[in-house]
Amino acid sequence: MIPARRPIVLSGFMATGKSTVGRLVANTLGVSFLDLDDYVVEQAGKSVPEIFASEGEARFREREAEAINSILGDGIPRVISFGGGTVTIEHVRHATLERATVVTLTARAETILSRVASLQGRPNLVARSPADRTRDLLSLRREAYGECHATISTEGVTPEEIASKIVALADRDLLAMPLGSRSYAIELADDEPLRLTSTLKELRPSSIIVVTDSNVRRFRGHWLESALANIGDLRTLTIEIAPGETSKTLATIARIWNEALAFGVDRDAVVLAFGGGVVGDLAGFAASTLLRGVRCVQVATTVLSMVDSSVGGKTGFDHAAGKNLIGAFFQPSRVLLDLAHLSTLPVRERAAGLAEVVKIALVTDASLLDAIEAHAEGLARGERDALRTIVRDAVQAKIRVVRDDERESGRRALLNLGHTVGHALEAHGGYAAHLHGEAVAVGTVIEMKATERLGLTPRGLAARAETLFRRLGLATHTSPEDIAASWPYVLADKKRAATSMKLPVVTGAGQGAVETISLDVLRAAALAVT
């Protein structure tokens with residue numbers, strides 16, 4: 001089920017064609033058009049220059065924010081033209097990205113000034129040199145304008161051509177990771193390989209390095225072949241690795257480097273990760289280091305990779321001392337989540353991926369937790385509509401965390417809930433006894449019971465999490481002997497600091513905090529609850 005059409009917001013500097021193009025888009029889609037400046041003027045009973053002069057720019061931005069909240073709050077699909085400075089207010093920009101499809105229109109300073117017939121009514125350009133002022137403002141706003149679902153240049157093209165591109169976005173299910181000029185779109189689809197085709201055409205790579213595993217290639221290779229068949233004569237190298245966590249090593253990374261360099265990769269190439277979390281982490285790290293960084297597109301094929309590893313830029317590989325101890329933060333250029341890939345996913349793999357969804361909900365989003373509980377049996381059965389809804393909401397929840405803490409110096413550490421014990425269990429089992437999500441489910445319950453015992457987590461939440469994991473088909477228990485045997489890997493965890501651990505703690509439904517806990521205290525509590 002494709003979500004209902006959302007409003008389309010056109011953003012960008014003045015004179016980039018927002019109003020002209022917006023009316024064309026609205027007419028084509030059969031919806032209304034609204035110019036935000038006109039709306040604010042109508043509500044204020046003053047012109048924009050009068051508001052600036054009598055109330056100041058700050059109050060004008062407040063008026064814009066109030067108007068946007070009202071307009072987007074009614075749920076009516078329409079086309080909205082924003083003012084040039086509207087998205088410079090962070091909370092307005094982020095709220096709009098969640099509630100509308102945002103398209104930024106761009107043009108050079110010289111082109112913009114040639115389109116401005118008069119500076120009257122343009123208070124931001126009143127300066128000794130309007131050209132310098134325009135360049136300065138474009139520079140100041142570059143990061144804000146970059147946070148969108150799509151960017152379209154208006155140089156040398158007609159309004160009708162621009163409008164046609166925007167109309168094509170109207171029914172696409174797009175999320176945005178807002179990280180300034182490194183922002184990227186995350187698209188949900190359903191058996192639509194042409195979505196990858198169009199993505200690659202937009203990126204215009206010199207060549208493509210596909211990294212996948214033998215299982216994915218066997219069951220989903222036809223989807224990839226269909227996507228690549230429509231991109232023309234483009235050099236493509238496919239690197240197939242063995243499936244599973246045992247491939248997540250420096251040796252595999254070296255193989256990707258060697259084969260890509262022998263193929264003649266250059267800095268305009270794109271590394272295409274086609275698989276689950278292991279493939280995504282390896283391909284992302286290889287892309288971050290090849291020629292000091294080439295672009296990467298993540299095409300996730302498992303629940304776990306869709307909601308977790310493909311989004312947020314964590315890449316890397318395992319070490320003998322523990323899981324994910326070597327890596328880098330490297331954001332992809334695009335992410336594509338096609339739900340059709342889940343149709344061939346084993347039940348065990350699907351359940352393991354849902355453990356990450358529960359984890360995200362427990363520490364960040366109470367409404368998502370409620371939704372997972374409401375659809376638990378449907379999710380366990382692999383019902384497509386339920387999966388799409390929960391995957392989308394889980395990705396949006398993760399976006400909110402990453403946009404505020406990209407490099408895990410604060411709130412993003414909450415997403416490590418269950419991973420301290422979980423990673424230790426994985427490593428102790430040689431990455432063969434547990435799938436990652438299975439270990440996370442066990443680790444989450446043990447950590448929550450331990451922090452309940454320490455008075456940090458309210459009573460009853462661990463039982464609630466345990467019940468939900470079981471409804472999704474996941475085990476939640478291990479023996480004290482396994483905890484004791486795996487504890488050396490806890491001591492090698494990235495979050496350890498001397499004799500203590502920075503542990504994510506559930507402090508309420510959908511709420512969390514990072515607490516520093518003595519390793520001895522944590523070990524005793526974990527052993528006591530198993």
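Along the sequence shown, the residues carry numbers beginning at 1.
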Contact check, side chains of [X] and [Y], non-hydrogen atoms, under 4.5 Å:
X: F82; Y: R93; result: no
X: V265; Y: V271; result: no
X: D173; Y: R388; result: yes
X: I231; Y: I208; result: yes
X: I239; Y: I209; result: yes
X: D171; Y: R5; result: yes
X: T364; Y: R411; result: yes
X: E356; Y: K398; result: no

Have a look at M306 and tell me which of V311, L342, L188, T301 forms a side-chain contact (heavy atoms from CB on, under 4.5 Å) with it.
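It is L342; the other options fail the test.
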Ion pair check, [X] and [Y], cut-off under 4.0 Å:
X: E438; Y: R348; value: yes
X: R195; Y: D338; value: no
X: R403; Y: E147; value: no

Step through the shown structure and confirm whether more than 12 heavy atoms of other residues, nucleotides or ligands are within 6.0 Å of CZ on R218.
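No.
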Determine yes or no for a side-chain-to-main-chain donor-acceptor pair under 3.5 angstrom, with H149 supplying the side chain and V103 the backbone.
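Answer holds: no.
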Shortest non-hydrogen contact between D266 and V294, atoms and distance:
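Closest pair (atom of D266, atom of V294, distance): O-CG1, 3.8 Å.
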What's the shortest heavy-atom distance between R350 and R381, and which atoms?
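Scanning both residues completely, I find the closest heavy atoms to be NH2-C, 3.4 Å.
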No-hydrogen, no-angle side-chain donor-acceptor test under 3.5 Å, T154 and R115
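The answer is yes; a qualifying pair exists.
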Are T389 and D385 linked by a side-chain donor-acceptor pair shorter than 3.5 Å?
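Result is no, nothing qualifies.
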Worked verdict on T86 versus E64 for side-chain hydrogen bond (donor to acceptor under 3.5 Å, both in side chains):
CA-CA 7 Å; T86 306; E64 282 187 318; 2.7 Å; yes
Less than 6.0 angstrom from the centroid, inside 45 degrees of the normal: does R235 satisfy that with respect to the ring of F263?
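Yes, a cation-pi geometry holds between R235 and F263.
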